[in-house]
Every structure is written in C-alpha cells, then in structure tokens.
Participant: 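So that we are looking at the same thing, I have put the structure below in structure tokens.
Sequence lines set the chain letters: A, B, ... in the order given, protein chains first and strands last, and positions in each chain run from 1.
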2 protein chains.
Amino acid sequence: MPTPKDLQQSGLKATMPRMKILEIFENRRDEHLTADDVYRILVTSGLDIGLATVYRALTQFEQAGLLQKQNFESGKAVFELNRGEHHDHLVCLQCDRVVEFCDPEIEKKQSEIAAKLGFKIQAHDLCLYAECVDAACPHRPSKKTL
Amino acid sequence: MPTPKDLQQSGLKATMPRMKILEIFENRRDEHLTADDVYRILVTSGLDIGLATVYRALTQFEQAGLLQKQNFESGKAVFELNRGEHHDHLVCLQCDRVVEFCDPEIEKKQSEIAAKLGFKIQAHDLCLYAECVDAACPHRPSKKTL
DNA sequence: CTTGTTGCAAATATTTTGCACCCAT
DNA sequence: ATGGGTGCAAAATATTTGCAACAAG
C-alpha cells in the first residue's frame, strides 16, 4: 500500500493509475514484471488504464528510483521494486524462475577491474542462466493473474 | 577472409550474402555490431542484401557458434565474432566504447553461488557500465562505414 | 485555474515470417 | 534438378509519441 508521498517526493502527482501500478509492485516484492504483465494485471482487476500509461509510469518510477529495470535475454524489459540493496539475478532456464543474490567479493572485483582499465563503475548487470540441479524444478509455471 | 568451409561445417551453404556478412565480422574482430549496422555496411559497400537475410544469417551464425550475441541495455542485440575464449564487457557511458575482460575469480565465484542455490550455470552475462577516468575518452566516436 | 496526466490511436523500432524466385551443390 | 537460400513486403512485438480531454494541487 503506497502513500501519495512516495510519488510526490519525486515530483509526480499521486494519480490513481500511478498508485495502482506502484501497489502491484509492492504486492509482489520479488517478482519481475514486464509492462504487459502490469497492464494485464490492471485489466484483470477491472481497472481501465492504458498500456501507454503503464509504460510512462514504469519509466518515471525507474527514474525516480522507485523501480529497477532489467533486460534479461527475453527481449522485453522487466521491472521490480527497488529495495535499496543491490542484487544480481539468476534465471532458471527451465522454468524462468528468478533468484536474487549478491556477492560482495564479485562486486569488489568488478570495481578493481574497471579501475585497472581506467573506468569508474556507475552500474552493472550480472545475470546467470542456469539449470535446476534437483528435479523439483517447477517447469514453466502458470502466469500471474492478480 | 572466411572460407566456404567455415559455413559448410555448420550445414550452411556458402552463399554470397553469408560469406560477406561473416567477412564483416572477421574484419572487425573487436567491434559489436547490430543487425542494422551490418546491413548498412553491406549497402554502403554496394551489396544488395536484404535486412531479413542479415537477421537470418546472424541467427544461424550464432547457433553455429560462429558469432556471439549480446543484449546490452540499448534494446538492440549486438553480435561479435566468437573467438573461443569467454569474456565479459564494460561499456563506456560516455562514448559507447566496449572493453572486454575476463576474470577467473569472478567466474569461479559465480559457479559457487549457483551451486549453493541449487543450479548449474549454463551461461552468464556480466556487463559493467562505467565512465572514463581520464579526459581522453573520445566521446561519441564516428560510426562504421566499411 | 494551470499544469501535469491520461487514453487512444498512430508512429517507431526491432525482429520475424510467407512466398515466389534463385542459386549452391 | 532440388532443396536450401534470398529479397520483398507484410506481420509480429515492444515501446514511444501527438493530441484533445481530464484531474490533482
């Protein structure tokens, strides 16, 4: 349940579409949603919000630091709530599940490498593509509805 | 200068369009080209090859292991020659220059992390986005022509 | 009120595909 | 000759934008 202030602090008016979109991400703290996922969820919930508005909101929220954007190899951009602490991703090649992790040693090594090459890191993307070791992997799960 | 065998070994006929496209990558061993970059280079060189053919060739070459595909945050896929040894990328935020590197320690840590999470890594993408430390960074260089 | 915001439709951008014709093998 | 390959145009996908109507501060 986001408050109007979450948006106003970023100079954005607290409109109904924006509040609803932000709420979707707060209700799904560890999912990674595409613009279309968000749009479908809104429509399914009976809300008449345009896809263009979803794209605009996602872009603004990312710039405001409320959301983080990721480009996995699917071709579509996915968004998730920005919870402050940085993390990287591991995507299961069998079921698309996304696991998050963060390794300080890798982070440190990255900075060292960049420094050695004459650069200062502003951001990075690390995504591991892997297969489940145990057979319990729930291949291709059902898709989001609420 | 690619030979017909490079393609035939992968079950692909050694046609003129394919040979020319492969040649472009061999002449630019450390550039990262989009489908449109390749198309433009062909047209500029007076070759009448369709954009669809470029896309088909790039996809086939990637599957054949001749090229590697990368998805940076630009939204367009870029391709480069597959020179066997794996490497990661650092993209300069000022001039789009791409520097390649490989760190065995990071690679090792990645496998450990995946193993701990119950996965076996098949692939990974690591891309650092950074700014030049020295002012010599050639901001926004001219674009490819041959 | 005033300016930012929205929905819709149309425009972009990137990549894929159907199909008749063409060319390596 | 024959089956894969090509160009073109149209389709599919993902995202952006122009604009008139609308709503938040």
Participant: Can you tell me if Y55(B) touches the phosphate of dT15(C), counting only side-chain N or O atoms and a distance under 4.0 Å to OP1 or OP2?
Facilitator: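 Checking Y55(B) against dT15(C): at least one side-chain N or O falls below 4.0 Å of OP1 or OP2.
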Participant: Which word best sums up how the rings of F72(A) and H89(A) line up, parallel for under 30°, tilted for 30 to 60°, or perpendicular for over 60°?
Facilitator: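 The arrangement is perpendicular - the two ring planes meet at more than 60°.
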Participant: Starting at the 5' end of nucleotides 18-24 of chain D, put B wherever the base has a protein heavy atom under 4.0 Å, S where only the sugar-phosphate does, and a dash everywhere else.
Facilitator: B-----B
Participant: How many whole angstroms separate atom CG of L42(A) from atom P of dC8(C)?
Facilitator: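 In whole Å, dC8(C) P and L42(A) CG are 13 Å from each other.
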Participant: Whole-Å distance between dG5(D) P and M19(B) CE?
Facilitator: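 Roughly 14 Å, once rounded to whole Å.
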Participant: Mind checking if A77(B) touches a base, just sugar-phosphate, or nothing, with heavy atoms under 4.0 Å?
Facilitator: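 It contacts sugar-phosphate atoms only.
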Participant: Of all residues at least two apart in sequence or in a different chain, which pass the ring-ring contact (aromatic ring centres under 6.0 Å, His included) check with Y55(A)?
Facilitator: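 Partners of Y55(A) by the ring-ring contact (aromatic ring centres under 6.0 Å, His included) criterion come out as none, since no residue qualifies.
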Participant: Looking only at heavy atoms, which two atoms of L7(B) and A14(B) are closest? And how far apart?
Facilitator: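 Smallest interatomic distance, heavy atoms only, reads CD1-CA, 3.9 Å.
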Participant: Rounded to the nearest angstrom, tell me the gap between atom CG in D36(B) and atom P in dA13(C).
Facilitator: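 It works out to 10 Å between those atoms.
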Participant: Checking all strands, does L51(B) fall into the base, sugar-phosphate, or nothing category for heavy-atom contacts under 4.0 angstrom?
Facilitator: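 L51(B): base contact, heavy atoms under 4.0 Å.
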Participant: To the nearest Å, give me how far apart CD (E62(B)) and P (dT16(C)) are.
Facilitator: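 Roughly 10 Å, once rounded to whole Å.
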Participant: Can you find a pair of side-chain heavy atoms, one from I106(A) and one from Q110(B), that are under 4.5 Å apart?
Facilitator: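 Yes, at least one pair of side-chain atoms sits under 4.5 Å.
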Participant: Rounding to 10 degrees, work out the angle separating the end axes of the helix from dC1(C)-dG25(D) to dT25(C)-dA1(D) (five pairs an end).
Facilitator: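 The value is 30°.
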Participant: I need the CZ-P distance between F79(A) and dA14(D), as an integer number of Å.
Facilitator: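 Atom-to-atom, F79(A) to dA14(D), this comes out as 13 Å.
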Participant: Does the side chain of E80(B) reach to within under 4.5 Å of the side chain of L67(B), using non-hydrogen atoms?
Facilitator: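 Counting from C-beta outward, E80(B) and L67(B) never come under 4.5 Å.
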